[in-house]
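The structure appears right after this line, and notes come after that.
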There are 2 protein chains.
Amino acid sequence: MTVTLADVAARAQVSPATVSRVLNGNYPVAASTRERVLRAVDELDYVLNGPASSLAAATSDLVGILVNDIADPFFGIMAAAIQSEIGGPGGRAGGERLGVVCNTGGSPERELTYLTLLQRQRAAAVVLTGGAIEDATHAAAVSAKLRRLAEAGTRVVLCGRPPAPEAPDAIALTFDNRGGGRELTEHLIGLGHRRLGYIAGPEERTTTRHRLEGHRAALAAHGVEDDPRRTVHGRYDRRSGYEATLELLRRDPSLTAVVAANDTVALGACAALRDSGLRIPDDVSVAGFDDLPFSIDAVPALTTVRLPLTEAGARAGRIAMGREEPPPGGIATVRGELMVRGSTGAPRA
Amino acid sequence: MTVTLADVAARAQVSPATVSRVLNGNYPVAASTRERVLRAVDELDYVLNGPASSLAAATSDLVGILVNDIADPFFGIMAAAIQSEIGGPGGRAGGERLGVVCNTGGSPERELTYLTLLQRQRAAAVVLTGGAIEDATHAAAVSAKLRRLAEAGTRVVLCGRPPAPEAPDAIALTFDNRGGGRELTEHLIGLGHRRLGYIAGPEERTTTRHRLEGHRAALAAHGVEDDPRRTVHGRYDRRSGYEATLELLRRDPSLTAVVAANDTVALGACAALRDSGLRIPDDVSVAGFDDLPFSIDAVPALTTVRLPLTEAGARAGRIAMGREEPPPGGIATVRGELMVRGSTGAPRA
DNA sequence: CTGTTAGCGCTTTCAC
DNA sequence: GTGAAAGCGCTAACAG
């Protein structure tokens, strides 16, 4: 019924081994033989059986990319960059790898499930993107999985995620969220702001914590009071930014600036300010983080910290494919760049 | 070295067959036996070998989701919805399916490559999202692949893509792009606009063509002149919208409205208008398509056509998993909803 | 450069 | 309800 490699071999009048060699292209085969085999493949419309091939070879061409929220361009952009380096020749069978993105939705269980599934498939590599969850139990479970994956020969790369101390084999490309957060708040302080609201992301997330730490470091360094009532936690979405801003305004109507956990949240903050009759930046300045494509189209354009998502993703992809040397020590910090635009200005008198 | 099912069997003092039955849960096994097996699995930290399992069972737990551009929230949102219905129990081994998204980047070759890779993996189902490429050769190749996949037992679902006539087994959930496009332009005509620029997507794409056809149908129905110089093609991105708008303005500075292929393009159009010193909607109205989350935050908020991406994706996912009846005839049309907001208004006098 | 020979680890009849 | 045995389709030594 289904065409197998043996059928191709019979038709091409060679042994199955030869067909395999032609298909994998990793072994010398006479040009004429190769041609004959390829013709047979074509004529029979043969498709390699992936599972059989992976079983025999004890490894597969699958490369998994884990993201927290695929609907968020932050992850979409990284995923696209990573995947672009994974497709194309370099794999085993037929010279193609299957780069696939898995959406954990930020759920620890799903993250672990995907990791298990990928482990089950004997994935060639796994790339985990974005902030990690800071629950100790979960972190330990993930680290254990990563270690096991690495032991089984799966390359593990973290992109935009801090290194996992217990998974020493994992290469990490970390974003300098702390530094970026600090720079951003210093920019605001430099403009004269002293009462800054901060909309943080979900608690128990490394990204959230690091950005907030940067913000606080800036306040501390410049002797600006850090009133805990000026910080609100929420999700990484627009709605959350909207509501948090209203809440911050309620707590302190004299705020002159709002720093958001990311650009999406900042957009929600802008909407809330507008709906409250406040002008940006005349009444209140707003800043985001990430510099997603739409941020420049906000009105006024958003001041933010640009993260080189595409470059970092591409690099992570190449490292995962073994096409680029890992950074020394297995860890590299990727810095953000402050983008000053129209949404921030001097505070009202 | 690696733990196999036989190891688990030995430890639990049962046969490999029994372990397999426990793991797949699709066969009666005594409760006490099951427990013993599960304990052994745990103690040995056993992970099923996916390829071996798929080889023996002649099917896998992989479900592929093809998208044109994962960095575009349009696809991200659909992919997230589809994937959310795929994870969870229902698969074979261990009751989990691996829903993975594959980014074709809009390239015909990569689309075909992914399809082949998925076929090679004996995927349980494949969901293709978004507009199709209208090249006859490519369309035929895709249709052939889809037919072959269906023959091999892979469920094929199209989500937001028109049905492929040559792949009759594929279930199609199509967006009514033509109707939405028409409604949008009629809204503008109703406001009094007569000189409308249209920024179309890339040529040779069903989505592009259908939206444009809707626009033209509206013009024709209301006796508005359809000057071909008022239509420009570009990519589905912001930059393209920016440049196209400048070009349209150059060709006809008296334009009173710009209809964009989608919201992202519309954002670029807004930026170009602003940079040209034109007010929205006082000087020029702007409309988009899709109603992505950021569209409501544009200033002014974008008039657009809302597509139920999440609902459609979830439904496609359920159909792919065999958890929902396909629509009668295998084809369902999903309608959009006109969202009138601040970016459109009456033309200047 | 090519063929022969063993499995890879699991599922699944078929018996008991 | 459980075990024994026969592959699933391919790859990878090892010869030649």
Side-chain angles (χ1 to χ4, degrees), chain A residues 1-38 40-41 44-61 91-95 119-122 124 152-153, chain B residues 1-38 40-41 44 46-61 91-95 117 119-122 124 152-153:
Chain A
M1 218 206 90
T2 76
V3 184
T4 73
L5 184 140
D7 299 332
V8 176
R11 176 152 193 135
Q13 313 207 64
V14 294
S15 73
T18 300
V19 177
S20 172
R21 293 196 264 254
V22 169
L23 260 24
N24 288 301
N26 50 6
Y27 228 79
V29 174
S32 65
T33 312
R34 136 173 287 110
E35 205 181 322
R36 204 141 33 89
V37 170
L38 258 17
V41 166
L44 295 171
D45 205 13
Y46 169 71
V47 176
L48 190 66
N49 183 316
S53 153
S54 299
L55 172 58
T59 174
S60 82
D61 283 333
R92 291 174 30 267
Q119 181 183 10
R120 185 178 286 180
Q121 300 297 330
R122 305 301 189 252
Chain B
M1 219 205 88
T2 76
V3 184
T4 73
L5 184 139
D7 300 331
V8 176
R11 177 154 194 131
Q13 312 208 62
V14 295
S15 72
T18 301
V19 177
S20 171
R21 294 198 260 254
V22 169
L23 260 23
N24 288 299
N26 48 8
Y27 226 81
V29 174
S32 65
T33 312
R34 133 173 287 109
E35 204 180 323
R36 207 142 31 86
V37 169
L38 258 17
V41 165
L44 295 171
Y46 169 70
V47 176
L48 190 66
N49 183 315
S53 155
S54 298
L55 172 58
T59 172
S60 84
D61 284 333
R92 291 173 33 266
L117 254 22
Q119 180 182 13
R120 185 178 287 180
Q121 300 296 331
R122 305 300 190 251

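Throughout, protein chains are lettered first and strands after them, A, B, ... in sequence-line order, and every chain is numbered starting at 1.
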Does the pair L23(A) and S20(A) meet the rule for a side-chain contact (heavy atoms from CB on, under 4.5 Å), with working shown? CA-CA 5 Å; L23(A) 260 24; S20(A) 172; 5.8 Å; no

Could you state the atom-to-atom distance from [atom1] of [X] to [atom2] of [N] in whole Å?
{"X": "Q13(A)", "N": "dG3(C)", "atom1": "CD", "atom2": "C1'", "value": "14 Å"}
{"X": "N49(A)", "N": "dG7(D)", "atom1": "CG", "atom2": "P", "value": "18 Å"}
{"X": "L5(B)", "N": "dC8(C)", "atom1": "CG", "atom2": "C1'", "value": "13 Å"}
{"X": "Y46(A)", "N": "dC10(D)", "atom1": "OH", "atom2": "C1'", "value": "7 Å"}
{"X": "L48(B)", "N": "dT11(C)", "atom1": "CG", "atom2": "C1'", "value": "10 Å"}
{"X": "Y27(A)", "N": "dT2(C)", "atom1": "OH", "atom2": "C1'", "value": "10 Å"}

For dG3(C), does the base pair up with any side-chain atom of R21(A) as donor and acceptor (N or O, under 3.5 Å, distance only)?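 Looking at the base of dG3(C), it does pair with a donor or acceptor on the side chain of R21(A) (distance under 3.5 Å).
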
Regarding dG9(D), can its base be found pairing with the side chain of R122(B) as donor and acceptor, where the two atoms are less than 3.5 Å apart?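 No, the side chain and the base share no sub-3.5 Å donor-acceptor pair.
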
Just to confirm, is there a sub-4.0 Å distance from OP1 or OP2 of [N] to any side-chain nitrogen or oxygen of [X]?
{"X": "T4(A)", "N": "dG9(D)", "value": "no"}
{"X": "S54(B)", "N": "dC10(C)", "value": "no"}
{"X": "S53(A)", "N": "dC10(D)", "value": "no"}
{"X": "T18(A)", "N": "dG3(C)", "value": "yes"}
{"X": "T33(B)", "N": "dT2(D)", "value": "yes"}
{"X": "N24(A)", "N": "dT11(D)", "value": "yes"}

Which is true for V14(B) with a 4.0 Å heavy-atom rule: it touches a base, it touches only sugar-phosphate, or it touches nothing?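 Result for V14(B) = sugar-phosphate.
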
Determine the sole option in V19(A), V22(A), N24(A) for which the side chain to side chain contact (heavy atoms under 4.5 Å, CB included) test with V29(A) is passed.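 When V19(A), V22(A), N24(A) are each tested with V29(A), the side chain to side chain contact (heavy atoms under 4.5 Å, CB included) holds only for V22(A).
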
Between L55(B) and A17(B), which is nearer to the 5' end of DNA chain C once each is assigned its nearest nucleotide?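 This one resolves to L55(B).
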
Both S20(A) and R36(B) contact DNA chain D. Taking the nearest nucleotide for each, which residue is further toward the 5' end?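 Final value for this comparison: R36(B).
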
Pick the closest DNA chain D nucleotide for A52(A) and for A31(B) by heavy atoms, then say which residue is nearer the 5' end.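 Upstream on the strand: A31(B).
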
Flag, side chain of S60(A) to backbone of S54(A), donor-acceptor distance under 3.5 Å: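 A pair under 3.5 Å: no.
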
Just by modelled atom types, is the A12(A) backbone N or O under 3.5 Å from a matching donor or acceptor in the R36(A) side chain?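 Pair found, side chain donor or acceptor close to backbone of A12(A).
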
Using 0.5 Å steps for rounding, measure from the CD atom of Q121(B) to the OG1 atom of T59(B).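 Output value for this atom pair is 11.5 Å.
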
